[in-house]
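We name chains A, B, ... by the order of the sequence lines, and we start the count at 1 in each one.
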Amino acid sequence: MQLYNTLTRKIEPIQPLKPPAVGVYTCGPTVYDYAHIGHWFNYIRMDLLIRVLQINDLKPLWVMNITDVGHLVSDADEGEDKLEKGARREGKTAWEVADFYTKDFLECMHHLNILTPDHIVKATEHIEEQTELIKMLEQKGYTYVIDDGVYYDTSKFPGYAAFARLDLDDQQAGARVQYNTQKRSASDFALWKFSPKDHKRDMEWDSPWGKGFPGWHIECSAMSMKYLGSTLDIHTGGIDHIPVHHTNEIAQSEAATGVRFVNTWMHGNHVMVNDEKISKSLGNGIRLQEIISKGIPAEAVRLHVLESHYRSHSKFSWESLEAANNRLKSYHAMADQKWQTTDVGLINDNDIKNIQTAIQESLSNDLQTFDALRHLSALETTIDTGGINATSQDAFNAFLLWIDATLGLCLSTGSDITDKQKELLEQRGVSRKTKDWKTSDMIRATLLEEGIDIKDSATQQRWSKRF
RNA sequence: GGCGCUGUGGCGGAAUGGUAACGCAAAGGUCUGCAAAACCUUUUUUUACCGGUUCGAGCCCGGUCGGCGCCUCCA
């Protein structure tokens, strides 16, 4: 299996340190607000990575963090913790805010059929691991203390800017934001922030440096290494994390351990809505709830995500989501054919096996999901034309189960029509032969009311269920 | 200001330099008792524009115009 590695900017084979185990760490949400469609695009892509590792006989151990403390808002003069700010906005404590949005996030993950990570780890439950890591960095001389916190001295880490391929000097020339002048360099970042003197935070802990809370970056280093060891096989996140968050993670982790932090970095690109980045200020962050309330299933969102490559600048629009939903409907109609095989069906075991192989190859080559769907659509068209041979019913059923496990769709979950409905269908067949169109149309209308669509082919009636 | 990405048909979205996948949508046709489906055709000689390299360019090079991202928190 191959994957594009941001570290080398090349597509490389995945070579786990301890196969078949593969350690995967995903930067999870900061739980101060609802997640939007852009987040879901990327979590679905990470979920897909896990599933594709599995079909390649690997055993991923998936860790995802929940940032529930320490993530600062952008305004330099304010520099407030997003959780504390959210709490003030909603008249709750930071703990309540974190709890609420964490639950909402996990619920949406379930709706989208995203696999549950083996470990979902919260920053607030790993304060000790984080302070231990800071201590280690302090002992090795990578830190310094100024009035608002303990900072990491990026100048002590050679090649700090290499991962993101940044030219720090040039960037500073045009920096848009003033930084704390006590910092030795603009790229230095907080490991531990002190609680403000004028008011009490909801979330704060004692530390060797004083009462306060951890910086945002340190949590991912501390928790990923706790659960997956000093070197991770794969680390994933959004593309925006490359220049700051992941660069800082590498600096902290490698300075502390002296070994390589991550072998393969996978980054999902941003999703554009109306050709603009999704942001709070533009108000274009569509929530999953909004999609579901319009009667579009979460499964269609997933299919929409699979239609583009994770490294491309994908676009989201209601129109393209509708297109994905229509495509999904035709896939479900195909799946319903598993109850309607015939002796003259053209599709056989071999065809099914070939399609499965082709899909696996596409996915294993840097997650070419769009190509996998191309193969699936080709099968769908052929089945629509030729039907499935009765001898291949089991093979087709197994294929649907495999597709669901691999792509996270729900094609195998459909049920057969009832005996009564089968009887009606048979009656309709008889009335069609005798050209009793009135009865035939009446039965079709009855079944349609029960959510069953009928299509007449030259040799048989085919049904598909609304879902 | 610096760094980087990008521009493919109505929409979405692929394409080691070799003659533009696939999905969705619309229109016409074949088929059909009707409807749907399926199939064929059209929208679609064409990859923002100009020039260059090449036997050959959507892919490489230069320029022009447009879009986007990062440098500040971000999936």
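- B:U8 sits 15 Å from B:G66 when the C1' atoms are compared, rounded to a whole Å.
- One interatomic measurement links the two molecules: NZ of A:Lys435 to P of B:C34, which rounds to 11 Å at whole-angstrom precision.
- In the set B:A14, B:C68, B:A75, B:A14 carries the atom at the smallest distance from any side-chain atom of A:Ser308.
- To the nearest whole angstrom, the two P atoms, one in B:G33 and one in B:U19, are 44 Å apart.
- Below 30°, between 30° and 60°, or above 60°: for A:His245 and A:His217 the angle between ring planes is between 30° and 60°, a tilted geometry.
- Both the sub-6.0 Å distance and the 45° axial angle are satisfied by A:Lys294 relative to the ring of A:Trp318.
- Residue A:Arg444 places a side-chain atom within donor-acceptor reach of the base of B:A35, judged by atom type and a 3.5 Å distance cut-off alone.
- Counting any heavy atom pair closer than 4.0 Å across all strands shown, A:Asn325 reaches no nucleic acid atom.
- Taking atom C1' in both B:A14 and B:U46, one finds a spacing of 15 Å when rounded to whole Å.
- Taking atom P on both B:C34 and B:U42, the two are 27 Å apart, rounded to the nearest angstrom.
- In this structure, the side chains of A:Val262 and A:Leu7 stay at 4.5 Å or more apart for every pair of heavy atoms.
- Contact of the A:Tyr34 side chain with the A:Glu290 side chain is not registered, since no non-hydrogen atoms from C-beta on lie closer than 4.5 Å.
- B:U64 is paired with B:A48 under the Watson-Crick or G-U wobble criterion, all donor-acceptor distances under 3.5 Å.
- Proximity of A:Asp456 to A:Arg444: side-chain heavy atoms (C-beta onward) are separated by under 4.5 Å at one or more points.
- The residue among A:Trp437 and A:Tyr331 whose nearest nucleotide of RNA chain B lies closer to the 5′ end is A:Tyr331.
- Summarising the base pairing, B:A38 is matched to B:U30 through a Watson-Crick or G-U wobble pair whose two defining distances lie under 3.5 Å.
- Rounded to a whole Å, the NE2 atom of A:His267 is 17 Å from the P atom of B:C5.
- A cation-pi arrangement is absent between A:Arg45 and A:Tyr310, since the terminal nitrogen or guanidinium carbon is not both under 6.0 Å from the aromatic centre and inside a 45° cone about the axis.
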Enumerate all atom pairs, one protein N or O and one N or O from nucleotides 18-20 of chain B, separated by less than 3.5 Å.
none

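- Using a 4.0 Å cut-off, some side-chain N or O of A:Lys315 falls inside it from OP1 or OP2 of B:G13.
- Along RNA chain B, the nucleotide nearest to A:Ser330 and the one nearest to A:His304 differ in position, and the one closer to the 5' end is contacted by A:His304.
- One finds a side-chain N or O of A:Ser312 lying less than 4.0 angstrom from the OP1 or OP2 phosphate oxygen of B:A14.
- None of A:His309, A:His304, A:His270 except one satisfies the ring-ring contact (aromatic ring centres under 6.0 Å, His included) rule with A:Phe41; the exception is A:His304.
- With both ends at atom P, the span from B:G9 to B:U47 equals 10 Å, rounded to whole Å.
- Separating the P atom of B:G52 from that of B:G58 is a span of 15 Å, rounded to the nearest Å.
- Regarding A:Ile114, its CD1 atom lies at a distance of 12 Å from the C1' atom of B:A75, rounded to whole Å.
- Taking atom P on both nucleotides, B:C59 is separated from B:C40 by 31 Å, rounded to a whole Å.
- In this structure, A:His270 reaches the bases: a heavy-atom distance under 4.0 Å links it to at least one base atom across the strands shown.
- Heavy atoms of A:Gly38 sit under 4.0 angstrom from at least one base atom.
- A:Ile454 comes within 4.0 angstrom of a nucleotide base, judged by non-hydrogen atoms across all strands.
- On the C1' atoms, B:U53 is 24 Å away from B:U45, given to the nearest whole Å.
- Within the structure, a side-chain polar atom (N or O) of A:Asn326 is placed less than 4.0 Å from OP1 or OP2 of B:A25.
- In this pair, A:His267 and A:Phe163 present their aromatic rings tilted. The plane angle is within the 30 to 60° band.
- Side-chain contact between A:Asp416 and A:Lys422: present, with at least one pair of heavy atoms (C-beta onward) separated by less than 4.5 Å.
- Across all strands, A:Ser440 comes closer than 4.0 Å to base atoms (heavy-atom distances).
- Contacts of A:His245 with the nucleic acid, taken as non-hydrogen atoms under 4.0 Å apart, are absent.
- With both pairing distances under 3.5 Å, B:A15 is matched to nothing as a Watson-Crick or G-U wobble pair.
- For the ring pair (Phe, Tyr, Trp, His ring centres under 6.0 Å) test, residues two or more places apart in sequence or in another chain that qualify with A:Phe105 are A:Trp40, A:Tyr43.
- Remark: C1' of B:A35 and CG of A:Asp441 are 8 Å apart, rounded to the nearest angstrom.
- Note that the CD atom of A:Gln461 and the CG atom of A:Leu447 stand 8.5 Å from one another [nearest 0.5 Å].
- A 4.5 Å side-chain heavy-atom check between A:Leu367 and A:Met1 finds at least one atom pair inside the cut-off.
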Tabulate protein N/O versus nucleotide N/O from nucleotides 37-41 of chain B, keeping only pairs under 3.5 Å, one per line.
none

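- Comparing B:A75, B:A35, B:A14 by their nearest atom to the side chain of A:Val271 picks out B:A75.
- Residue contacts for A:His241: at a heavy-atom cut-off of 4.0 Å it reaches the sugar-phosphate backbone alone, with no base atom in range.
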